[in-house]
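In what follows, chains are A, B, ... by sequence order, proteins preceding strands, each numbered from 1.
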Amino acid sequence: MIAEKFALELNMLPPDFYAHETTVIARALLGRILVHETSRGTVAGRIVETEAYLTDDPACHAYGGKKTPRTAVMFGPPGTAYIYLVYGMHHCFNVVTGPEGTGEAVLIRALEPVYGIELMRVNRNQSSLHNLCSGPGKLVSAMGITQALNGWALIEPTLYLADSSVGAEEFSAVITTRIGISKGADLPLRFYIKDSPFISRK
DNA sequence: GTGATGATTTAA
DNA sequence: TAAATCATCACT
């Protein structure tokens, strides 16, 4: 566990990090750091759980390459943020993947809190470390991410992905079916860090 | 215009 | 186990 032991030494992920197929990126995002620099402070978390959504996958908002106003950013360049409202009350944060025009993304499902934990507690109105970022809606709230950041290029402050020596230690990735969907529910497109206590569910 | 549908969270 | 809550999208 690495929470709050951070003399933050971050290297922002370069644009070519996103030049791979979606499932590869979903796996490669594990262990990386999501950073948000806000006016109320900086927050950061280590990605411990992701899900891939593919263009030929019925659970994907852009299934079959269908472009709508909501999904437009999924067809933009890879490495941008796709943020949308679910269930009328929570937001989900995704990283757009695939070549421009493809319509794929990786949902970030859980983070291990790393920096700015007190601000996360305020944002979430929740004290338990394990309940701060252990779900896609929770982490958006904890990180202070809003829909205004939809379409943000994640290679620019104030919202970006990074590498760090901290949290980059060896781990095993587990692959399972995805959570909370009915269509495409049998596809092995969920990735998480084995034994992490910060994932959304076993 | 209308209605069904969620890539969820929380509280009971 | 169920309620909360609303933008989105397809169209009885």
DNA chain B in dot-bracket form (Watson-Crick or G-U pairs under 3.5 Å, [ ] crossing, | inter-strand) is ||||||.||||.

Would you check if the side chain of A:T71 reaches a backbone N or O of A:A62 as a donor-acceptor pair within less than 3.5 Å?
no

Nearest whole angstrom, please: distance from the P of C:dC9 to the NZ of A:K67.
13 Å

Within the 3.5 Å criterion, strictly below it, is a donor on A:R121 or A:S127 matched to an acceptor on the partner's side chain?
no

Length of the line joining A:H91:NE2 and C:dT5:C1', which is rounded to integer Å:
12 Å

My understanding is that only residues two or more places apart in sequence, or in another chain, count here; which of them pass ring-ring contact (aromatic ring centres under 6.0 Å, His included) with A:Y84?
A:H61, A:Y82

How long is the line joining CE of A:M89 and C1' of C:dT8, in whole Å?
15 Å

Applying the 5.5 Å / 30° rule, does A:Y84 stack onto the base of C:dA7?
no

Using a side-chain heavy atom cutoff under 4.5 Å and only I, L, V, M, F, W and Y, what cluster partners does A:Y53 have?
A:L107, A:I181

Using a cut-off of under 3.5 Å, enumerate the N/O to N/O pairs linking the protein to nucleotides 10-12 of chain C.
| unit_1 | atom_1 | unit_2 | atom_2 | d |
| --- | --- | --- | --- | --- |
| C:dA10 | OP1 | A:K66 | NZ | 3.3 |

Name the residue closer to the 5' end of DNA chain B, choosing between A:S134 and A:L85 according to the nucleotide with the nearest heavy atom.
A:L85

Carefully, step by step, assess A:T158 and A:E37 under the rule side-chain hydrogen bond (donor to acceptor under 3.5 Å, both in side chains).
CA-CA 5 Å; A:T158 54; A:E37 299 165 357; 5.8 Å; no

Could you tell me how far apart A:N123 (CG) and B:dT9 (P) are, to the nearest whole angstrom?
15 Å

Please check the phosphate of C:dC9 (OP1 and OP2 only) for any side-chain N or O of A:R70 closer than 4.0 Å.
yes

So, OP1 or OP2 of B:dT8: does either fall under 4.0 Å of a side-chain N or O from A:R201?
no

Base, sugar-phosphate or nothing for A:R178? Non-hydrogen atoms, less than 4.0 Å.
nothing

Side-chain heavy atoms nearer than 4.5 Å, only ILVMFWY residues, links allowed to pass through others: does that put A:V140 and A:L85 together?
no

Are A:W152 and A:V95 connected into the same hydrophobic cluster when the rule is that any two of I, L, V, M, F, W, Y join if their side-chain heavy atoms are below 4.5 Å apart?
yes

If hydrophobic clusters are built by linking Ile, Leu, Val, Met, Phe, Trp and Tyr wherever their side-chain heavy atoms come under 4.5 Å apart, do A:V86 and A:L111 end up in the same one?
no

Under a 3.5 Å distance rule, please check whether A:E51 uses its side chain to pair with a backbone N or O of A:I179 as donor and acceptor.
yes

Side chain to side chain donor-acceptor pair (under 3.5 Å) pairs, two or more places apart, involving residues 192-202 of chain A:
A:E49-A:S200, A:R109-A:S200

Can you see which heavy atom on A:I33 is nearest to which on A:A44, and at what distance?
CG2-CB, 3.9 Å

Quick test of your reading of the model: are A:D186 and A:R178 salt-bridged, counting only N-O distances below 4.0 Å?
no

For the pair made of CG in A:L189 and C1' in B:dA7, what is the distance, rounded to whole Å?
12 Å

Polar atom pairs between nucleotides 10-12 of chain B and protein, under 3.5 Å, N or O only, would you list them?
| unit_1 | atom_1 | unit_2 | atom_2 | d |
| --- | --- | --- | --- | --- |
| B:dT10 | OP1 | A:R124 | NH1 | 2.5 |
| B:dT10 | OP1 | A:R124 | NH2 | 3.4 |
| B:dT10 | OP2 | A:R124 | NH2 | 3.4 |

Please report the distance, rounded to the nearest Å, between CD in A:E104 and C1' in B:dA7.
15 Å

Roughly how many Å is it from CD1 in A:I108 to P in B:dT8, rounded to a whole number?
14 Å

Could you give the CD1-to-C1' distance, from A:I179 to B:dT8, as a whole number of Å?
11 Å

Contact class for A:L107 vs. all strands (heavy atom < 4.0 Å): base, sugar-phosphate, or nothing?
base

